[in-house]
Amino acid sequence: MPQSLFSEFQVSPNTTLKNRFVKAAMEENLANDQQLPDKKLFNLYQQWADGGVGLIITGNVMIDKWAMTGPGGVALEQTTPLAPFKKWAEIAKSNNTKVWMQLNHPGRQVFKAMGGKNLAPSAIAINLGKHSNMFSIPQAMIEEEIQDIIHRFGQSALQAKQAGFDGVEIHAAHGYLLAQFLSPLTNQRSDQWGGSLTNRARLLLEVIKQVRAICGADFDVAVKLNSADFQRGGFDIADAEQVINWLAEHNVNLVELSGGSYEAPAMQGQSADDRTLAREAYFLDFTEKLVQRSPIPLMLTGGIQRYAVAQKVINAGFSLCGLATALAYRPDMINMWFKTPEFRLRIPVITWSNKTLAALATMAIIKRQLSRMSLGDTPKLTDSPFLSLLIDQIKKRRRTKRYRRQLRGSSQLP
Ligand SMILES: Cc1cc2nc3c(=O)[nH]c(=O)nc-3n(C[C@H](O)[C@H](O)[C@H](O)COP(=O)(O)O)c2cc1C
């Protein structure tokens with residue numbers, strides 16, 4: 001029998017969600033200059049908690065403050081002061097909402113302008129055609145650096161637990177470090193961390209083992225995984241099925257399925273291998289078999305902006321529906337749907353022929369809404385993509401300068 005979107009879901013022995021709607025991770029770039037959450041993030045998360053979702057997954061939080069996906073991001077290390085994180089968790093948990101912190105390491109997806117560490121399984125640069133010079137060639141990681149990553153994920157997860165988060169989601173999708181290890185296109189190592197799928201998945205599984213060992217069984221651990229990279233020769237759906245089985249053996253509570261990377265932004269509905277992705281719930285047809293066979297609960301994210309589509313996702317066997325873009329425009333979307341399931345937003349789609357710029361403008365226009373909400377203003381559906389991209393670039397430049405100044409003053413980098 002299909003489940004109601006407003007029915008409870010027990011995701012782990014400790015955590016029961018009040019409904020099936022999840023605020024998926026969105027990097028906000030709203031941290032203060034110590035890379036900590038403060039008033040702006042608190043305002044934003046209060047709106048999402050009030051808006052009716054059962055679970056909030058934070059924007060990605062970096063496990064190493066010198067390896068950042070972007071300027072203005074949050075970092076949580078072993079020695080980071082916990083007070084602002086406690087406040088963040090407390091706000092996100094209001095209105096009977098649960099909260100997981102997403103933990104991430106960018107690997108090679110670090111903009112050249114940012115500087116800092118640029119590490120990857122192999123020294124293979126990002127290929128974005130004429131925009132490739134936004135990134136530099138990463139350094140292939142040595143064993144000590146791999147061990148450091150495992151240690152850091154464990155310590156950041158422990159910090160999240162101590163701050164009051166209900167769990168963590170380990171980001172192993174979208175072309176970041178753990179996804180780079182999983183993909184044969186970016187991982188060409190010949191040691192125990194590369195080659196067979198067993199070896200390519202080793203880092204992710206070691207991270208999970210470490211987090212479980214340090215945080216115990218009474219803390220939720222989820223993974224965001226690509227159903228595929230959507231690039232020829234990349235991590236594919238058969239790999240995803242095997243990895244989900246391994247994650248289940250390691251007591252992971254839930255896997256969120258997404259897809260793509262900076263090179264192939266399938267999470268925005270674009271594939272690089274000629275596959276056509278649906279306009280709504282992009283990965284639903286593609287992941288049908290995964291959901292039928294998965295031994296653990298799955299969540300689907302990508303292109304869910306209508307109640308009827310969310311219901312289709314649950315009817316297909318997914319336990320939870322992740323929404324990002326829709327909640328950037330309407331943080332109270334779930335409350336709206338509770339009263340009026342037909343309620344629909346007309347979110348503009350950017351159809352520029354330059355796919356890289358279109359992807360950047362899409363991110364910029366959504367982040368502009370997050371920024372508005374962080375200041376207590378209301379999102380707007382009528383922003384110009386071009387102007388939003390320009391504003392984003394100006395803000396990015398300013399924040400990047402600030403970050404680089406700190407980087408220069410740091411004694412932690414070689
Ligand atoms: C502004 C923005 C920031 C994002 N940041 C993250 C992130 O930090 N971690 C992550 O896993 N996904 C991130 N995503 C991807 C979303 O979680 C989601 O997978 C994607 O947007 C598709 O869902 P949607 O169609 O509901 O937006 C981000 C998306 C947007 C638009």
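In this structure, the side chains of Lys18 and Thr97 come closer than 4.5 Å at one or more pairs of heavy atoms. In this structure, Leu44 and Met26 have side chains that are not in contact, with every pair of non-hydrogen atoms separated by 4.5 Å or more. Side chains of Gln188 and Pro121 form no contact here, defined as non-hydrogen atoms less than 4.5 Å apart. Put simply, the side chain of Val61 does not reach to within 4.5 Å of the side chain of Phe165, judged on heavy atoms. Between Phe85 and Thr80 there is a side-chain heavy-atom pair separated by less than 4.5 Å. Contact annotation: the side chain of Phe286 approaches that of Phe230 to within less than 4.5 Å [non-hydrogen atoms, C-beta and beyond]. Leu300 places none of its side-chain heavy atoms less than 4.5 Å from the side chain of Leu298. For the pair Ile208/Trp246, no side-chain contact is recorded, criterion being any heavy-atom separation below 4.5 Å from C-beta on.
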Report the C-alpha separation of Phe21 and Phe338 in whole Å, then their side-chain angles, then the decisive distance to 0.1 Å, and conclude whether the ring-ring contact (aromatic ring centres under 6.0 Å, His included) test is met.
CA-CA 11 Å; Phe21 294 107; Phe338 188 69; over 10 Å; no
Run the numbers on Lys367 and Asp392 for salt bridge (Lys or Arg N to Asp or Glu O under 4.0 Å), then give the verdict.
CA-CA 8 Å; Lys367 284 186 184 178; Asp392 188 60; 5.8 Å; no
Walk me through it: do Asn127 and Glu263 pass the test side-chain hydrogen bond (donor to acceptor under 3.5 Å, both in side chains)?
CA-CA 6 Å; Asn127 181 0; Glu263 285 179 346; 5.7 Å; no
Taking it one step at a time, do Asn354 and His131 satisfy side-chain hydrogen bond (donor to acceptor under 3.5 Å, both in side chains)?
CA-CA 10 Å; Asn354 184 323; His131 300 288; 3.2 Å; yes
Show your reasoning for whether side-chain hydrogen bond (donor to acceptor under 3.5 Å, both in side chains) applies to Glu8 and Thr16.
CA-CA 7 Å; Glu8 288 188 345; Thr16 299; 5.5 Å; no
Test Gln210 against Glu206 for side-chain hydrogen bond (donor to acceptor under 3.5 Å, both in side chains), laying out the working first.
CA-CA 6 Å; Gln210 179 80 354; Glu206 287 300 318; over 6 Å; no
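Side chain of Arg200 to backbone of Asn187: no donor-acceptor contact under 3.5 angstrom is found. At least one donor-acceptor pair under 3.5 Å links the side chain of Thr58 to the backbone N or O of Gln102. The closest donor-acceptor contact from the side chain of Asn29 to the backbone of Pro71 lies under 3.5 Å.
Of the N and O atoms on the side chains of Ser136 and Asn118, at least one donor lies less than 3.5 Å from an acceptor on the other residue. Between the side chains of Ser12 and Asp220, at least one donor-acceptor pair of N or O atoms lies under 3.5 Å. Of the N and O atoms on the side chains of Gln155 and Gln159, not one donor lies less than 3.5 Å from an acceptor on the other residue.
Ring centroids of Phe111 and Tyr403 are separated by 6.0 Å or more, keeping the two rings apart. For Trp100 and Phe219, the distance between ring centers is not under 6.0 angstrom.
When the shell of 6.0 Å around NZ of Lys93 is examined, it contains more than 12 heavy atoms from other residues, nucleotides or ligands. More than 12 heavy atoms of other residues, nucleotides or ligands sit less than 6.0 Å from atom CZ of Phe343. The environment of CD1 in Ile137 is sparse: at most 12 heavy-atom neighbours from other residues, nucleotides or ligands sit within 6.0 Å.
Summarising the geometry of Ser319 relative to Ile314, their closest heavy-atom pair is O-CD1, 3.4 Å, with the distance given to 0.1 Å. Across every non-hydrogen atom of Leu407 and Trp66, the tightest pair is CD1-CE3, 3.1 Å. Across every non-hydrogen atom of Gly72 and Arg402, the tightest pair is CA-NH2, 4.3 Å. Nearest heavy atom pair, residue Ala328 against residue Met373, reads O-CE, 3.2 Å. Smallest separation of non-hydrogen atoms from Phe153 and Val211: O-CG2, 3.9 Å. Across all their heavy atoms, Ser258 and Lys224 have their closest contact at CB-CE, 3.8 Å.
Every residue meeting the side chain to side chain contact (heavy atoms under 4.5 Å, CB included) condition with Lys380, not counting sequence neighbours, appears here in chain and number order: Gln369, Arg372, Thr382, Asp383.
With salt bridges taken as basic N to acidic carboxylate O contacts below 4.0 Å, one links Asp218 and Lys161.
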Determine all donor-acceptor pairs shorter than 3.5 Å in which one atom belongs to a side chain in residues 176-186; sequence neighbours excluded.
{"from": "Tyr176", "atom 1": "OH", "to": "Tyr262", "atom 2": "OH", "distance (Å)": "2.9"}
{"from": "Gln180", "atom 1": "OE1", "to": "Arg108", "atom 2": "N", "distance (Å)": "3.1"}
{"from": "Gln180", "atom 1": "NE2", "to": "Pro106", "atom 2": "O", "distance (Å)": "3.0"}
{"from": "Gln180", "atom 1": "NE2", "to": "Gly175", "atom 2": "O", "distance (Å)": "2.7"}
{"from": "Ser183", "atom 1": "OG", "to": "Leu185", "atom 2": "N", "distance (Å)": "3.1"}
{"from": "Ser183", "atom 1": "OG", "to": "Asp229", "atom 2": "OD2", "distance (Å)": "3.1"}
{"from": "Thr186", "atom 1": "OG1", "to": "Gln180", "atom 2": "O", "distance (Å)": "2.8"}
{"from": "Thr186", "atom 1": "OG1", "to": "Ser183", "atom 2": "O", "distance (Å)": "3.4"}

